[in-house]
4 protein chains.
Amino acid sequence: MTQSCGSDRRSMFKAAAMEIACQRGYDGATIKRIAERCGVTVGSIYHHFENKEELFREALRERTFAPVLEKLMQEIAEQPVEEGLFQVAKGFVDFLRERRSLFSILVSEAPHNPECSGLFTEIARRNAGMMRGYFDGKIAAGQLAPIDSGIAVQMFFGHFFNAYLHKERLMMEHLPPVDDEFVRKSIRLLLHSWKQP
Amino acid sequence: MTQSCGSDRRSMFKAAAMEIACQRGYDGATIKRIAERCGVTVGSIYHHFENKEELFREALRERTFAPVLEKLMQEIAEQPVEEGLFQVAKGFVDFLRERRSLFSILVSEAPHNPECSGLFTEIARRNAGMMRGYFDGKIAAGQLAPIDSGIAVQMFFGHFFNAYLHKERLMMEHLPPVDDEFVRKSIRLLLHSWKQP
Amino acid sequence: MTQSCGSDRRSMFKAAAMEIACQRGYDGATIKRIAERCGVTVGSIYHHFENKEELFREALRERTFAPVLEKLMQEIAEQPVEEGLFQVAKGFVDFLRERRSLFSILVSEAPHNPECSGLFTEIARRNAGMMRGYFDGKIAAGQLAPIDSGIAVQMFFGHFFNAYLHKERLMMEHLPPVDDEFVRKSIRLLLHSWKQP
Amino acid sequence: MTQSCGSDRRSMFKAAAMEIACQRGYDGATIKRIAERCGVTVGSIYHHFENKEELFREALRERTFAPVLEKLMQEIAEQPVEEGLFQVAKGFVDFLRERRSLFSILVSEAPHNPECSGLFTEIARRNAGMMRGYFDGKIAAGQLAPIDSGIAVQMFFGHFFNAYLHKERLMMEHLPPVDDEFVRKSIRLLLHSWKQP
DNA sequence: CATGAATGAGCATTCATTCAT
DNA sequence: GATGAATGAATGCTCATTCAT
């Protein structure tokens, strides 16, 4: 009980940290603001976390796409590629939307924060590995052409990350919404030849 | 002469601001650090710029891909699509590498800085517009299938931006280098069908 | 107890702010100096007050002549005008002397600080209103001639404020001290005809 | 010519200094702002004045009521007291209005600026002396009762200074305008008995 | 005479962090 | 566990002043 209570506290702080960092960036997510949102004082946060870095490290590590992807991987195993990729892309975009602070923070902080960079690499690598396995499987099964699965993965995740980033984080109004139609069109664009046959 | 001297000063500050912001982010690029790198004191920077925002706004506005793309557009007009896209992608990656602070700063700051966001949108829109015109021209000329040129542009630029970001900014060592071979492979992946015919 | 402690802290800061502002003006009363006088560091003041403005606003609002005047009003109701005015004038000068920062700050800051100006107006209006009521009552009671009570109030307070200001703030040594004799003489000058009958 | 030209420059700086100080106080009247209003650079001001203090000292010393009062003194010598005082009061208020920075600056700065205080004392003393001579003359001539001319002078100038200060500097809208009617009423209030005979 | 560039001290404010209670 | 008070370093920015040109 006692532990679960402490655990709740920690989770609350982490959630608040993410929310605020999402709106105002890592530097904008001050300990005071996090404390205020939780209705406690700064000292309380330091009772639970060594420092700001630990709070964020832990919060980030918890909010990873990997477990989501793992589950999706099993669900789509038997589906045709087009549908499988749709599910993954949709899951990925939904994930970004829900845990939207994750990537924003990572992208912002990583370039000048080695620890953050390392964490990001670790996460990205794991996801890319899973996805690459999927592509390689489909290639082996003859459902995909012998494409470079490494680059394909980069292109796949990168495209949806970018689309989300530009539309929903940077608020570019002239871009199309990142909805089901967009995802489907994007996958078609990836799978089919751009060149006139 | 006199003017060029003052102009040099401004340029020097802008360059230093970009360099430092690239390494440490916008917040990390303090006026003091910028001044120190230039061998002057804080006040001197404020003699040349109204405030930090003006310094960065001007620096960013100068370091735009648009003029590079404009030139490239003319050079590749007559070339086959595959070669044309290669030139643009290469130019884009080179640009990121040289003026590498641009995107990093924008991506970091834009989500919680409306002005920065507006500037980014403005730049992105212009580039996307040019590139979209290129795609539409090629589609009309029958060299490309009737793809959605809007999404195609997002995918094209997005992929190379991501690749650069992950490899050279976030230092992900497991990723392939963003070199000519990578660019060529990427374009092939975009242009040709991923699916087994 | 806990509350009184925090309250004491705030009061201490306010008192120090007033003291220093009295000696060196609003701009001269820097947060650092206030902190130093209290034996704490700057941050500590910001723990208790949102900003410098709040600190001063609160300090000023606390040091108002209104409550003093209210009490005096009751005490002098039955007394002859000459004595009543003496009590009020004496109370006013004493107030200026004790809380001497109040007027100095207001007069200095008000011309280019709208908030300060508003606060000053509010205070002045309230006091003038009370005093005017007193004059009008005495006129109705036939103890005073039908003078313009509005201007009379201005003249009454204005004279003592000026006398205090010049003698004790601007240290004009050639002026007579603002003591009981001065107050009595001044009131006689107000009440009796300057002209030879 | 050369000198007159330099003299014009100095006058221009002094005038600008006064204007700005009137609007924004002494601290708000920065050398840069004064230079800008004159269309020159900071260095130029320092070519003409040793420092900010000298600039203001000189500007203030030039803008004194004394010469105006001296002239008025002669004009009103033969007039009845009531009219004479009206002329002086009117001249005084007009002076404050035109050179309105003078007193505001002095009142603001004097309390924590010994030099400013000395200057103010000097000016006030001279004016008071002249006015006192006027009152004493009228008393000797039997036109005024044997009042304390020292306090009378304080009351006279003090009242109009205050009225001007509160109405036109502190912008107290509830107060009557400081116009001819106000001046006349005020003088009547000074000269005639407030008490019911 | 005037400029433009620079200085260095200072200011209001913020923030991560500490610690006695 | 939590609080409230405090710290000290840092930040963007201002300003009077200096000086080579």
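Residue numbers begin at 1 in each chain, while the letters A, B, ... track the order of the sequences.
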Candidates A:Arg33, A:Arg63, A:Arg37 - the one meeting salt bridge (Lys or Arg N to Asp or Glu O under 4.0 Å) with A:Glu19: A:Arg37
Rounded interatomic separation in angstrom, taking CZ from A:Phe49 and P from F:dA2: 12 Å
Secondary-structure notation, DNA chain F, from Watson-Crick and G-U pairs under 3.5 angstrom (| other strand): .||||||||||||||||||||
Nucleotide E:dC15, atom P - distance to CD1 of C:Ile45 in whole Å: 18 Å
Atom pair distance, as rounded to whole Å: CD1 in D:Ile34 and C1' in F:dT17: 14 Å
Shortest side-chain distance from C:Val40, nucleotide among F:dT7, F:dC15, E:dC1: F:dT7
Between P of F:dT17 and CD of D:Glu54, the distance in whole Å: 11 Å
Check: B:Cys22 main-chain N/O paired with B:Arg169 side-chain donor or acceptor under 3.5 Å: yes
Side-chain N or O of D:Tyr46 closer than 4.0 Å to phosphate OP1/OP2 of F:dT17: yes
Most 5' of D:Gly39 and C:Asp27 on DNA chain E, judged by nearest nucleotide: D:Gly39
Parallel, tilted or perpendicular: ring planes of D:Phe13 versus D:Phe49, cut at 30 and 60 degrees: perpendicular
Contact under 4.0 Å: C:Arg9 side-chain N or O vs F:dG4 OP1/OP2: no
Any B:Arg33 side-chain N or O less than 4.0 Å from OP1/OP2 of F:dA10: no
Gap separating the CD atom of A:Glu122 from the OG atom of A:Ser117, nearest 0.5 angstrom: 11.0 Å
5' priority, DNA chain E, between D:Gly43 and A:Ala29 [closest heavy atom]: D:Gly43
N or O in side chain of B:Lys32 less than 4.0 angstrom from F:dT11 OP1/OP2: no
Which residue lies more 5' along DNA chain F, comparing D:Val42 with B:Glu50 via nearest heavy atoms: B:Glu50
Any B:His47 side-chain nitrogen or oxygen under 4.0 Å from OP1 or OP2 of E:dT7: no
Residue A:Thr41, side-chain heavy atoms: nucleotide from F:dT3, F:dC13, E:dT17 that is nearest: F:dT3
Rounded interatomic separation in angstrom, taking CG from D:Leu55 and P from F:dA16: 11 Å
Length of the CD-P vector between D:Glu36 and E:dT3, whole Å: 12 Å
Quiz item: cation-pi between C:Lys52 and C:Tyr26, 6.0 Å / 45°: yes
Sugar-phosphate only, base, or nothing, as touched by B:Thr30 at under 4.0 Å among non-hydrogen atoms: sugar-phosphate
Salt bridge (Lys or Arg N to Asp or Glu O under 4.0 Å) partner of D:Arg10, the single match among D:Glu50, D:Glu54, D:Glu62: D:Glu54
Between P of F:dT11 and CD1 of C:Ile31, the distance in whole Å: 21 Å
Atom-pair distance (CD on A:Glu53; P on E:dT17), nearest Å: 9 Å
Side chain of A:Lys52 - closest among F:dC15, E:dA16, F:dT3: E:dA16
Donor-acceptor under 3.5 Å (A:Arg57 side chain, A:Leu119 main chain): no
Non-hydrogen atoms of B:Ala16 and B:Cys38 that approach each other most closely: CB-SG, 3.6 Å
